[in-house]
Amino acid sequence: MTSETRSSPSVAAGARDRVLIFDTTMRDGEQSPGASMTIAEKIELAALLEDMRVDIIEAGFPAASDGDFECVRAIAAQSRDVTICGLARAGLADIDRCGEAVRAARRPRIHTFISTSPVHMKHKLRMGENAVLEAIGASVAHARNLVDDVEWSPEDATRTEFDFLCKAIDVAINAGARTINIPDTVGYSHPAEYGALIRRLIETIPNADKVIWSTHCHNDLGLAVANSLAGVIGGARQIECAINGLGERAGNAALEEVVMGLRVRADSLPFETGVDPSKLARASRMVSQITGFPVQYNKAIVGKNAFAHESGIHQDGMLKNAQTYEIMNPEDVGVASTSLVMGKLSGRNAFRDKLKALGYELDQEALNDAFRRFKDLADKKKHVFDDDIIALVDDQMAGAEERMALKRLRVVAGTEGPQEAELTLSIAGVESTALATGNGPVDAVFNAIRKLAPHEAVLELYQVMAVTQGTDAQATVLVRLSEGGLVASGKAADPDTLVASARAYVHALNRLEVRRAKRTGG
Ligand code: KIV
Ligand code: ZN
């Protein structure tokens, strides 16, 4: 057994083809309702993706807003070896904006697209085939004047008539596209069909060997990862995917699943990626924290239960030999196999080592802050588990540099109403306090926040989850607010559920404020 996977690869490493991993968490992923990210969050995520050695980061859609443009530009400026890509529609102004945003990258790429399916051309573009072919030639050629590395996508390719798809791709290749991406935009295809489509395109198009073929599969039928792998078997050498499968509607192919699928089944899939899988768990947590979208417990690779064994038969098998029920090592994807319990006697060095094992590298100031919070937690809670530390550090990172912060909270709860909350917020450095009653303590807390920071947002979701087991467990609270089509989520953890609730609400309000500013171009 290798330390990499629990299977025994039978394909020699040298015989494997390299598959490029193109991450679109910050572009397609951010397009899912409520998932938009701040510039600071995107910069942090991009740094982690580059450390993880993804090949291409699609950092945004620069023409969409000034905020998006700035994000892509900032990520391009901080990038080292990774290719930084921006998305652009076929219009020349979009492409110019995109070219400007990615220019600072060492390896800039423009990804331009236009729809080619009958339904999109007729109802969305209101353009005929000839006009679409003309736009493809002009847009790709224009992008090639700005950068060498141009990717082109026929949107809704899997519902496009095959002969027209070939014509469109031919135009794009002749105009200078280096990567041809075949989006299953509406997640309609299935693996045999999608794999065959890629193969047939490669066999039919004259200059197919001059470009890299790419998959971009949506998950509307739950087939995005299977379709992407089928595409690779059919000849694609780039997979577009997103952490946690984030993306429009049901999402994109999950990056962690395609990477581990290729790795664990290297015995029959002769391909390799350059991704360091030990950072997958950390990336998953970061994206969940940033977006406020929880990762489902039974999610492949990064779900809380992905390596948990509860039934007696399975536990017995695992104790005898882990290969009985595990096809990969949890450590390979950055999940510590044992949760070493820490407590109030644990020292700073042990704490720093633990953070490192969990994939966090904090600067001195953040480490001091996290250690202080860990000690506070250990005073309240007998055993501090890995999940407690993860919740604590993620919570600290989420709250850093926010305009509004919870300072103090006192709540009167119980059978004798009215329930009451006295709450102090710091808003742009100025502290103020309000007293409010409510229909229960949580309502009282939220009413107090509303008094101090008046807003129209509607509470869409309020969810409490225990981080670990036991009555002294920390609570993680998730709050989702919506206002005029904008959605923002906030997440916070604390042993006191009401404190976590207040902080999650304030966190969501901060994010809503960022979103409002982004919409108005501020
Ligand atoms: O799903 C899709 O078609 C897209 C394109 C812009 C590549 O996201
Ligand atoms: Zn897409």
Side-chain angles (χ1 to χ4, degrees), residues 20-33 35-36 56-65 68 72 83-91 94-95 97-98 101-102 109-121 123-125 127 132 135-136 139-140 143 149-160 164-165 168-169 172 177-189 194 197-198 201 211-225 227-228 231 236 238-255 257-258 287:
L20 301 172
I21 295 296
F22 175 116
D23 177 272
T24 186
T25 312
M26 289 187 269
R27 199 279 297 168
D28 208 314
E30 199 195 23
Q31 283 172 218
S32 61
S36 78
I56 302 112
I57 297 175
E58 190 167 47
F61 191 168
S65 70
D68 259 45
V72 177
T83 296
I84 302 297
C85 175
L87 184 70
R89 286 165 297 198
D94 257 45
I95 294 171
R97 194 87 175 123
C98 186
V102 296
R109 174 182 293 192
I110 294 176
H111 175 192
T112 181
F113 73 99
I114 193 167
S115 296
T116 50
S117 67
V119 63
H120 275 222
M121 287 194 295
H123 298 290
K124 195 180 95 167
L125 299 178
M127 284 166 82
V132 168
I136 296 167
S139 56
V140 173
D149 186 356
V150 172
E151 170 172 335
W152 181 73
S153 291
E155 190 185 3
D156 206 15
T158 52
R159 292 192 302 169
T160 297
F164 182 63
L165 186 58
I169 293 172
R178 294 207 166 156
T179 301
I180 298 293
N181 181 42
I182 304 298
D184 184 24
T185 302
V186 290
Y188 179 71
S189 211
Y194 188 75
L197 173 63
I198 301 269
L201 287 170
V211 295
I212 290 180
W213 292 82
S214 168
T215 68
H216 179 106
C217 298
H218 279 270
N219 205 30
D220 299 65
L221 292 174
L223 295 171
V225 170
N227 284 343
S228 306
Q238 172 179 291
I239 300 179
E240 301 199 353
C241 46
I243 302 287
N244 293 343
L246 205 63
E248 288 270 11
R249 305 180 310 279
N252 283 94
L255 183 148
E257 294 178 25
V258 294
V287 169

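None of these values were measured; they are calculated from a predicted model. Counting convention: from 1, in listed order, for ligands and their atoms alike.
Below 4.0 Å from some heavy atom of His218 lie the following atoms of ligand 1, by number and element: 1 (O).
With hydrogens and angles left out, the side-chain atoms of Asp156 and Thr185 include no donor and acceptor closer than 3.5 Å. Of the N and O atoms on the side chains of Asn227 and His218, not one donor lies less than 3.5 Å from an acceptor on the other residue. Between the side chains of Thr179 and Glu151, no donor N or O sits under 3.5 Å from an acceptor N or O. Ser153 and His111 share a donor-acceptor pair across their side chains, judged by distance under 3.5 Å alone. With no hydrogens or angles considered, a side-chain donor-acceptor pair links Asn181 and Glu240 at under 3.5 Å. Between the side chains of Thr116 and Thr160, at least one donor-acceptor pair of N or O atoms lies under 3.5 Å.
The part of Asp28 lying near ligand 1 is the side chain, judged by heavy-atom distances below 4.0 Å.
Within the 2.8 Å limit, Asp28 places at least one N, O or S atom next to the Zn ion (ligand 2).
Residue contact check for ligand 1: His111 places a non-hydrogen atom closer than 4.0 Å to it. Judged by the shortest distance from any of its heavy atoms, Glu240 lies outside the 4.0 Å radius around the atoms of ligand 1.
Atom 3 (O) of ligand 1 has as its closest protein heavy atom Thr185 OG1, 2.6 Å. Counting protein heavy atoms only, atom 5 (C) of ligand 1 is closest to Arg27 NH2, 4.0 Å.
Considering only non-hydrogen atoms, atom 4 (C) of ligand 1 lies nearest to His216 out of His120, His216, Glu155, Glu58.
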